[in-house]
There are 2 protein chains.
Amino acid sequence: MRRPTMDDVAQRAGVSRALVSLVMRESPKVSPERRAAVLAAAADLGYSPHAMARQLAQRTSTVLAVLVSDLHNPYFADIVEAVDTAAREAGLDMILSTGGRRPAGERRAVETMLGFRPAGLVLLSPVVPQAVLEAASVSTPVVAVERTVALPGVDTVTDDGRAGSRLAVDHLAGLGHRDVVHLDGGQGAQSSTRRRGFVDAMRAHGLEPHVEPSEYTEEGGAAAVARLLAAGTPFTALVAANDINAIGALSALADAGLRVPEDVSVVGYDNTSLAAMRHVGLTTVDQPRAEMGRLAVAAVVERIAGRRTAPTRHRLQPTLVVRTTTGRR
Amino acid sequence: MRRPTMDDVAQRAGVSRALVSLVMRESPKVSPERRAAVLAAAADLGYSPHAMARQLAQRTSTVLAVLVSDLHNPYFADIVEAVDTAAREAGLDMILSTGGRRPAGERRAVETMLGFRPAGLVLLSPVVPQAVLEAASVSTPVVAVERTVALPGVDTVTDDGRAGSRLAVDHLAGLGHRDVVHLDGGQGAQSSTRRRGFVDAMRAHGLEPHVEPSEYTEEGGAAAVARLLAAGTPFTALVAANDINAIGALSALADAGLRVPEDVSVVGYDNTSLAAMRHVGLTTVDQPRAEMGRLAVAAVVERIAGRRTAPTRHRLQPTLVVRTTTGRR
DNA sequence: GGTCATCGTTAGAGCGCTCCAATCGTTGGA
DNA sequence: TCCAACGATTGGAGCGCTCTAACGATGACC
């Protein structure tokens with residue numbers, strides 16, 4: 001059961017531990033014969049380096065810690081994938097943890113991850129208090145994705161939520177809609193930005209913005225629509241808080257016997273795999289998630305290399321993906 | 001930038017490093033005054049223990065490595081959550097990694113995780129070759145979830161796929177359906193078990209089983225239905241490979257102008273959040289995922305404690321969740 | 001008053017690795 | 001022939017921690 005160590009390999013290959021170390025790190029200054037002997041011995045023993053011992057000795061980590069706020073939201077799957085790929089290319093090993101959408105859970109997750117002294121910490125739509133980010137940023141490069149943070153030690157990567165909302169409104173206005181309602185994301189990350197963008201864009205079109213409180217959940221979307229209908233609020237189009245919220249809205253509309261897009265048009269946000277399902281076909285705002293993941297890793301790498309100490313603030317432009325839930329008024 | 005170490009704390013508190021270590025591990029044999037002094041010093045310095053150094057010194061890990069084959073499938077989110085909770089209770093820290101559905105990616109992920117010498121390895125629906133599992137199981141407790149493995153060193157937790165398919169068939173037969181087609185999961189984990197269950201259950205009802213090749217994807221489901229329709233195969237109900245596959249089937253049926261459940265009934269598998277969406281309302285087979293996650297962690301813990309060396313083979317009973325995609329013939 | 005537990009505390013070795021400086025064996029130029 | 005220079009190899013210190021054994025101080029007991 002005991003795993004072989006470098007000393008075991010060294011002994012078997014008839015060389016010193018230091019030489020084995022060099023071979024394992026693919027140093028060029030090892031003669032081909034010795035290298036072969038060491039590799040053979042390692043293979044015989046089933047040896048693989050102890051990553052933790054390595055990091056302790058090196059005093060430098062190759063672990064990129066990533067916190068996902070909600071594993072249930074498919075939005076994150078794409079970003080995580082992009083982060084993973086970029087991390088691999090940068091020679092970093094990604095480890096993931098989740099806080100289950102609860103601040104306390106996220107805090108715990110951040111603390112255990114920091115216990116591993118990672119090379120960097122990437123937080124995806126975190127809901128954890130700023131103080132935690134600040135404390136972490138003292139000793140580790142920290143990047144927040146889809147969360148606005150003004151701390152000097154924390155880099156940020158977000159999409160331009162105002163522009164995203166504007167895209168949705170422009171699209172709907174172009175289709176002749178005048179009574180457009182925004183379902184607001186409440187406490188959720190970036191929701192205030194999206195709301196502001198909606199209001200401004202509506203005004204720019206000379207239209208009266210109506211914002212209905214909601215949240216980033218299916219139930220929230222359904223409830224908001226039910227309220228609108230009960231109140232008799234006139235509307236022919238909805239700009240939902242995000243895709244899941246939009247799905248809830250679609251359900252509520254269907255329950256009320258309203259057809260989409262004939263009676264009501266609906267626009268989501270995030271372009272998750274949910275929206276792309278042919279069965280749903282949601283028109284939605286797409287964030288360049290792959291790019292966002294890449295930039296997040298790049299920001300960490302720059303800080304590690306000491307190439308930068310000032311914070312970066314990436315704000316990416318979203319695009320509109322038109323599917324089947326929006327149509328002419 | 002350099003993080004404080006135990007020696008820094010010891011010096012500041014005027015005690016030895018060993019005493020600080022005892023305090024950090026909440027040993028009862030430390031006087032209250034010293035404990036307070038140490039904790040104060042640690043707080044002043046912003047000290048937190050170096051998890052890797054600790055594990056190296058302890059020669060025992062508290063890390064539970066979890067491999068997720070596909071982050072995009074919401075099926076995993078629930079299991080991961082359950083595993084996370086159970087791990088926390090067992091005093092283990094979960095780290096997650098993903099192989100992006102590719103055997104090579106999973107192999108890589110498994111190797112980097114093993115580099116951390118985790119206390120255990122849990123693989124969720126892995127597609128990695130058995131040899132990799134076997135090699136890992138030599139030095140680490142390994143549990144495979146939703147994958148049948150016959151290795152003595154690998155514990156397994158699966159649902160009873162035959163029973164699941166039988167539930168679906170019984171339900172449909174009870175509704176008067178006779179022409180039922182199974183969309184097969186192909187290479188995917190557990191698909192052969194589900195297929196066998198389908199065939200047996202159909203025969204038990206005196207019905208002729210029809211199995212159409214497909215896969216665990218939306219596109220696969222849509223393509224399979226399109227083929228069935230093009231071939232003129234008669235059917236009034238579908239037992240899909242899983243929920244995503246069912247969603248694809250629903251889309252293809254809608255495209256063909258067929259109504260669900262009036263013209264065709266559809267049953268999924270996994271009871272993912274997708275199925276639960278009111279907009280979808282998929283009748284589906286539910287696996288006790290929370291329980292599965294818990295059992296997986298329990299299996300690891302038993303092996304760590306040395307309480308067991310023989311493999312466990314948990315096979316859990318699924319249940320049927322009836323929603324709106326199935327109806328009387 | 002001496003012995004022996006007991007308790008809180010500490011020195012020091014060691015976990016598996018990296019890295020630096022030192023060493024060894026060649027080689028080539030003077 | 002000698003020595004500098006170079007490449008390949010190695011010993012040993014050290015990363016931040018835990019753990020064992022030993023320590024001094026205290027108090028109980030005969």
Side-chain angles (χ1 to χ4, degrees), chain A residues 1-39 41-42 45-63 91 93 112 114-119 139, chain B residues 1-39 41-42 45-63 91 93 112 114-119 139:
Chain A
M1 193 78 177
R2 168 176 163 279
R3 299 199 64 151
T5 75
M6 219 169 229
D7 280 305
D8 298 329
V9 177
Q11 196 171 350
R12 182 172 244 265
V15 299
S16 71
R17 186 185 60 248
L19 217 233
V20 177
S21 174
L22 288 175
V23 172
M24 288 301 151
R25 284 175 290 137
E26 296 176 350
S27 160
K29 37 181 168 179
V30 177
S31 66
E33 312 88 65
R34 303 279 189 145
R35 154 167 285 121
V38 168
L39 290 178
L45 262 36
Y47 171 79
S48 78
H50 192 312
M52 294 200 179
R54 167 176 292 181
Q55 297 204 3
L56 188 61
Q58 276 186 154
R59 250 146 307 203
T60 137
S61 171
T62 63
V63 174
D93 295 317
T112 61
L114 286 181
F116 289 102
R117 302 290 189 273
S139 49
Chain B
M1 193 76 178
R2 168 178 163 280
R3 299 198 63 151
T5 74
M6 219 168 230
D7 281 305
D8 298 328
V9 177
Q11 196 172 349
R12 182 172 243 265
V15 300
S16 71
R17 186 185 60 248
L19 216 234
V20 177
S21 174
L22 288 175
V23 172
M24 287 303 151
R25 284 175 289 139
E26 297 176 352
S27 159
K29 36 182 169 180
V30 176
S31 66
E33 312 86 66
R34 304 278 190 149
R35 155 167 285 122
V38 167
L39 290 177
L45 262 37
Y47 171 81
S48 79
H50 192 311
M52 294 199 178
R54 167 177 290 182
Q55 298 205 2
L56 187 62
Q58 276 186 153
R59 250 149 306 207
T60 139
S61 170
T62 63
V63 174
D93 295 316
T112 61
L114 287 180
F116 288 101
R117 301 290 190 274
S139 48

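In what follows, chains are A, B, ... by sequence order, proteins preceding strands, each numbered from 1.
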Distance in angstrom units between B/Leu45 CG and D/dG16 C1', rounded: 15 Å
Interatomic distance, B/Asp93 atom CG to B/Ser61 atom OG [nearest 0.5 angstrom]: 8.5 Å
Options D/dC17, D/dG11, C/dG16, nucleotide nearest the side-chain atoms of A/Thr5: C/dG16
Under 4.0 angstrom between A/Arg34 side-chain N/O and D/dT9 OP1 or OP2: yes
B/Arg54 side chain to B/Met52 backbone, donor-acceptor under 3.5 Å: no
Check: A/Ala57 main-chain N/O paired with A/Arg59 side-chain donor or acceptor under 3.5 Å: yes
From C/dG16, D/dA8, D/dT10, nucleotide with atom closest to A/Lys29 side chain: D/dA8
Pair of N/O donor and acceptor under 3.5 Å linking D/dT18 base with B/Arg17 side chain: yes
Distance below 4.0 Å between B/Ser21 side-chain N/O and D/dC17 OP1 or OP2: no
Value in whole Å for how far the P atom of C/dT10 lies from CG of B/Asp7: 13 Å
Side chain of B/Ala57 (C-beta onward), nearest among C/dC19, C/dT10, D/dC17: D/dC17
Rounded distance (Å) that lies between atom P of D/dG7 and atom CG of A/Leu19: 16 Å
A/Ala53 side-chain proximity, nearest of C/dT9, C/dC17, D/dT10: C/dC17
Whole angstrom value for the distance that separates P of D/dC15 from NE2 of B/His50: 12 Å
Donor-acceptor side-chain pairing of A/Ser139 and A/Arg117 below 3.5 angstrom: no
Trace of the side chain to side chain contact (heavy atoms under 4.5 Å, CB included) decision for B/Arg3 with B/His50: CA-CA 9 Å; B/Arg3 299 198 63 151; B/His50 192 311; over 6 Å; no
Whole angstrom value for the distance that separates C1' of C/dC7 from CG of B/Leu22: 13 Å
Spacing between A/Arg25 atom CZ and D/dT9 atom C1', to the nearest angstrom: 13 Å
Nearest-nucleotide pick for B/Ala18, side chain only, options being D/dT18, D/dC17, C/dA11: C/dA11
Spacing between B/Leu56 atom CG and D/dG14 atom P, to the nearest angstrom: 17 Å
Side-chain N or O of B/Ser31 closer than 4.0 Å to phosphate OP1/OP2 of C/dT9: yes
Spacing of B/Met52 atom CE relative to D/dG16 atom P, expressed in whole Å: 13 Å
A/Arg59 side chain near C/dC19 phosphate (N/O to OP1/OP2, under 4.0 Å): no
